[in-house]
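Each residue takes its place number in the sequence, starting with 1. Reckoned from all heavy atoms, side chains included, excluding hydrogens, waters and symmetry mates.
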Amino acid sequence: MAAKCAKEDPAICARCALTGPTCCTVAPGSEPNCFPVSEMEWERVLDYAGERGAFVREVNTQPFRNMVARLFPGERNHVETLFPHHKVHLRLATGTNGRCIFSSAGGCELPREARPYYCRLFPLWVYGERLTVFDAAGCVAVREGRGVRGVLSRLGTTESEVRSLFGRLRLAWGLDPGPGFPATT
């Protein structure tokens, strides 16, 4: 296991969960635009949680496909092949309040290694060579971290770990993992 940053807050997700709607909550009606779960991630969550209603099949609408394409600039053709219009994808289920079924007052009930890659990356993302932070005003790590370096510190991770995780997310979807991705991962 990699050494954690000195300012790591192991309870940051739990603290965030207590503040109100978080990244684990979507506004009613926007559930179809939740990030999809790959087959590999689906199996990993099932291994931990069993069937317990963890997933929803969602139609690949054009707004959903546009959202995914914005996350992977320059790869629209691949996104549209992965998510053919009017076919379906899986996403984590949410309750009537829009909250992920694995979200609780203590944070995520899934151990970190069982969570989908997107959940493990949030609020960080990689665009080309640039590591960035999503504009997520409700996220405690974003508010307290005030930038990439601070968010990395708050989450107790490194840029290298985030890039590796992002490469694994890309591989799970059949995308090239990107430059510098370890060949042995």
Restricting to non-hydrogen atoms, name the atom on [X] and the atom on [Y] that form the minimum distance, rounded to 0.1 Å.
| X | Y | value |
| --- | --- | --- |
| L175 | H78 | CD2-CD2, 2.8 Å |
| E161 | T157 | OE1-OG1, 2.7 Å |
| A141 | L155 | CB-CD2, 4.0 Å |

Review point. Taking only residues two or more places apart in sequence or in another chain, which ones pass side-chain contact (heavy atoms from CB on, under 4.5 Å) with E159?
Key: L131, R149, L152, R163

Practice item. Tell me, please, which residues at least two apart from C34 pass side-chain contact (heavy atoms from CB on, under 4.5 Å). Key: V26, R91

Side-chain contact test, heavy atoms from C-beta onward, threshold under 4.5 Å: evaluate it for [X] versus [Y] and give yes or no.
| X | Y | answer |
| --- | --- | --- |
| L110 | V45 | yes |
| F134 | V142 | no |
| V79 | W173 | no |
| R115 | C108 | yes |

Can I get a per-line list of side-chain donor-acceptor pairs under 3.5 Å for residues 116-125, giving both atom names and the distance, sequence neighbours left out?
| unit_1 | atom_1 | unit_2 | atom_2 | d |
| --- | --- | --- | --- | --- |
| Y117 | OH | R44 | NH1 | 3.4 |
| R120 | NE | R112 | O | 3.2 |
| W125 | NE1 | L71 | O | 3.0 |

Review point. In the hydrophobic clustering that connects Ile, Leu, Val, Met, Phe, Trp and Tyr at side-chain heavy-atom distances below 4.5 Å, which members other than V56 occupy its cluster, ordered by chain and number?
Key: none

Check your understanding: E41 and S38: side-chain donor and acceptor closer than 3.5 Å?
Key -> yes

Inspect the surroundings of [atom1] in [X] and state if more than 12 heavy atoms from other residues, nucleotides or ligands are less than 6.0 Å away.
| X | atom1 | answer |
| --- | --- | --- |
| D135 | CG | no |
| Q62 | CD | yes |
| R76 | CZ | yes |

Look at the side chain of [X] and the backbone N and O of [Y], then say whether any donor-acceptor pair between them is shorter than 3.5 Å.
| X | Y | answer |
| --- | --- | --- |
| S164 | S160 | no |
| S30 | A27 | yes |
| R99 | S104 | yes |

Practice item. Using ring-ring contact (aromatic ring centres under 6.0 Å, His included) as the criterion, list what pairs up with F64, not counting sequence neighbours. Key: F83, H89

Exercise for review: Go through the steps for T25 and N97 under the test side-chain contact (heavy atoms from CB on, under 4.5 Å), then give the verdict.
Suggested key: CA-CA 8 Å; T25 305; N97 60 357; over 6 Å; no

Point to revise | Single-linkage hydrophobic cluster V88~W42, side-chain heavy atoms < 4.5 angstrom | key: no

Review point. Honestly curious: do V59 and L90 fall in one hydrophobic cluster under the side-chain, below-4.5 Å linking rule?
Key: no

Exercise for review: Find the distance between OG (S153) and CD (E144) and round it off to the nearest 0.5 Å.
Suggested key: 10.5 Å

Revision key, fill the gap. Rounded to the nearest 0.5 Å, the CG atom of N66 sits from the OG1 atom of T61 at a distance of 8.0 Å

Check your understanding: For the side chain to side chain contact (heavy atoms under 4.5 Å, CB included) test, which of K87, E80, H86 pairs with N60?
Key -> K87

Point to revise | Partners passing side-chain hydrogen bond (donor to acceptor under 3.5 Å, both in side chains) against E31 (at least two apart in sequence or in another chain) | key: none

